[in-house]
Every structure is written in structure tokens, then in C-alpha cells.
Amino acid sequence: MSGYTAFLGGKAIAAGDRDEVARAVRDSLHLHDGAVMVFEDETGRITDIDYRSVAAPGAGRPKLGVTAREVTLLPRHWEWLSQQPGGASAALRRLVEEARGKGQTERQRRDAAYRFMQAACGDMPGYEEALRALYAGREDDLTAILQQWPQDIARYAATLLGHAPNEPRTEPAA
């Protein structure tokens with residue numbers, strides 16, 4: 001999953017890292033009238049992105065976004081890290097990526113979907129029943145309700161829950 005996803009109404013208008021989404025929101029504002037909501041893909045939390053100060057992508061290799069920060073470890077941890085291929089930083093990056101690769105717990109996925117649904121879906125048909133189905137583990141009921149919602153909203157909620165996005169379908173009649 002990407003880092004952030006932006007919605008305008010029931011339609012996803014951008015997905016990617018923070019700068020990609022900020023640029024897309026900035027560039028599309030003149031085309032759309034309405035409130036854009038941006039969500040963190042990992043947590044489902046609504047977030048603010050300052051699209052006014054994002055720089056245009058430059059030519060050549062993009063910056064890696066490396067940030068130096070302090071890490072406090074015991075001497076035995078530093079000793080172990082220093083013996084790893086690539087040194088301490090490379091070993092820590094590998095450990096973090098390995099942990100991230102294991103994915104989120106079921107509860108983390110459910111809570112992310114809840115936060116998204118709470119922020120973006122409160123006026124959707126069956127919203128309250130969808131929340132009850134979400135926390136009761138009634139996946140069939142939740143899926144049936146999501147199918148009544150706009151396609152991008154339903155797909156994103158399913159993705160937050162760790163389900164493969166549904167194949168494209170037609171929008172429900174208004």
C-alpha cells in the first residue's frame with residue numbers, strides 16, 4: 001500500500017508518498033470544488049498535507065529522505081550492530097523493513113478501517129451497521145454494505161482491512 005491516499009467526495013484522486021499526494025492535490029484544486037480528505041494508509045487516520053509548499057519533482061535521482069536521529073542502545077546492542085554487514089544503520093534498516101514486511105495485526109487493520117470509515121463514510125447508507133459488522137467480524141455483512149458505497153471508498157476500506165481490492169464494478173444507481 002502507498003503512504004497516503006486523497007479523496008474528493010467518494011473518489012480517490014491521488015495515492016503515493018506525501019509529496020506525490022500533495023502535488024496531485026495542489027494540481028487538481030483548480031479542477032475540483034470541495035473538501036479533499038487525505039488519509040495515512042497504514043493507520044487510516046485523516047491527515048493534513050501542506051500542498052502549497054511542496055516542490056515540483058526535480059530531474060535526476062530523487063532524494064532518499066534520510067533523517068539522522070539519535071538511537072539509544074545498550075553496549076551489547078551496539079556491539080552486535082557493529083558486526084553486521086553494512087554497519088549499524090544498514091542493520092537497523094533491514095530489521096525495520098523485516099518487521100514492516102510482517103504486516104499489521106488484524107486489530108491494527110480493523111482500527112485503520114474504522115478511522116477511515118468514521119472520517120469519510122458517516123453519511124453512507126448502512127454506515128452504523130458497517131461498523132457493527134466490522135467489529136463483530138461479520139465480513140459478509142460488511143462486504144455487502146461496502147458494495148453500496150462508491151467504488152473507491154469501498155476499495156480503500158477493503159485494502160485497509162488487508163483484503164485484495166475488488167474488481168472494478170459499476171457505481172450504484174443514485
Side-chain angles (χ1 to χ4, degrees), residues 1-52 54 57 62 65 67 92-174:
M1 233 181 344
S2 63
Y4 298 88
T5 303
F7 286 87
L8 179 65
K11 180 131 179 81
I13 62 169
D17 68 28
R18 182 178 283 275
D19 285 348
E20 288 175 299
V21 171
R23 274 190 292 279
V25 168
R26 180 196 62 207
D27 295 346
S28 69
L29 283 178
H30 70 282
L31 299 174
H32 304 290
D33 184 24
V36 174
M37 292 189 296
V38 179
F39 295 89
E40 265 187 287
D41 293 339
E42 188 172 330
T43 65
R45 283 185 165 81
I46 195 164
T47 187
D48 291 326
I49 290 184
D50 185 2
Y51 57 85
R52 296 167 298 188
V54 68
T67 303
L92 288 171
R93 285 192 296 272
R94 281 192 303 273
L95 290 169
V96 168
E97 291 303 323
E98 180 182 319
R100 289 185 69 194
K102 292 180 181 175
Q104 296 176 299
T105 65
E106 183 177 339
R107 180 180 178 158
Q108 288 171 319
R109 289 189 303 269
R110 184 185 61 227
D111 289 349
Y114 167 77
R115 284 187 288 271
F116 167 69
M117 291 166 58
Q118 185 181 36
C121 306
D123 59 351
M124 301 284 175
Y127 166 73
E128 291 178 2
E129 184 56 33
L131 292 182
R132 285 191 283 276
L134 174 69
Y135 278 98
R138 298 188 331 257
E139 287 191 33
D140 291 343
D141 293 344
L142 179 59
T143 299
I145 295 167
L146 290 178
Q147 288 180 353
Q148 300 172 40
W149 295 359
Q151 181 177 347
D152 288 347
I153 295 281
R155 182 179 294 133
Y156 189 67
T159 301
L160 288 173
L161 287 167
H163 302 144
N166 295 334
E167 292 298 317
R169 60 177 175 76
T170 58
E171 288 288 324

Inter- and intrachain pairs under salt bridge (charged side-chain N to carboxylate O under 4.0 Å, His left out), touching residues 5-16, at least two apart = Lys11-Asp152

Rounded to the nearest 0.5 Å, the CZ atom of Arg109 sits from the OG1 atom of Thr43 at a distance of 14.5 Å

Which pair of heavy atoms, one from Phe39 and one from Ala119, lies closest together, and at what distance?
-> CE2-CB, 3.6 Å

Lys/Arg-Asp/Glu bridge criterion (N-O < 4.0 Å) met for Glu129, Arg132 = yes

Decide yes or no for Arg18 and Thr47: does some side-chain heavy atom of the first lie under 4.5 Å from some side-chain heavy atom of the second?
-> yes

What is the distance from atom CG of Leu95 to atom CZ of Arg93, rounded to the nearest 0.5 Å?
-> 11.0 Å

Can you see which heavy atom on Leu161 is nearest to which on Arg110, and at what distance?
-> CD2-CA, 3.9 Å

Looking only at heavy atoms, what is the nearest atom pair of Tyr4 and Glu40, with distance?
-> CE2-CG, 3.3 Å

Can you check whether Arg155 reaches Trp149 side chain to side chain, under 4.5 Å on heavy atoms?
-> no

Rounded to the nearest 0.5 Å, how far apart are CG of Leu160 and CG of Asp111?
-> 11.5 Å

Between OG1 of Thr159 and NE2 of His163, what distance do you get to the nearest 0.5 Å?
-> 10.0 Å

Taking all atoms of both residues into account, what is the closest heavy-atom pair of Ala130 and Ile145, and its distance?
-> N-CD1, 3.5 Å

What pairs with Tyr135 under ring pair (Phe, Tyr, Trp, His ring centres under 6.0 Å), at least two apart in sequence or on another chain?
-> Tyr114

Where Val21 and Ala15 come nearest, the two heavy atoms and their spacing = CG2-C, 3.8 Å

Shortest non-hydrogen pair, Ala22 vs Ile49, comes out as CB-CG2, 3.2 Å

To the nearest 0.5 Å, tell me how far Ile13 CD1 sits from Met37 CE.
-> 10.5 Å

In this structure, OH of Tyr156 is separated from CG of Leu146 (nearest 0.5 Å) by 14.0 Å

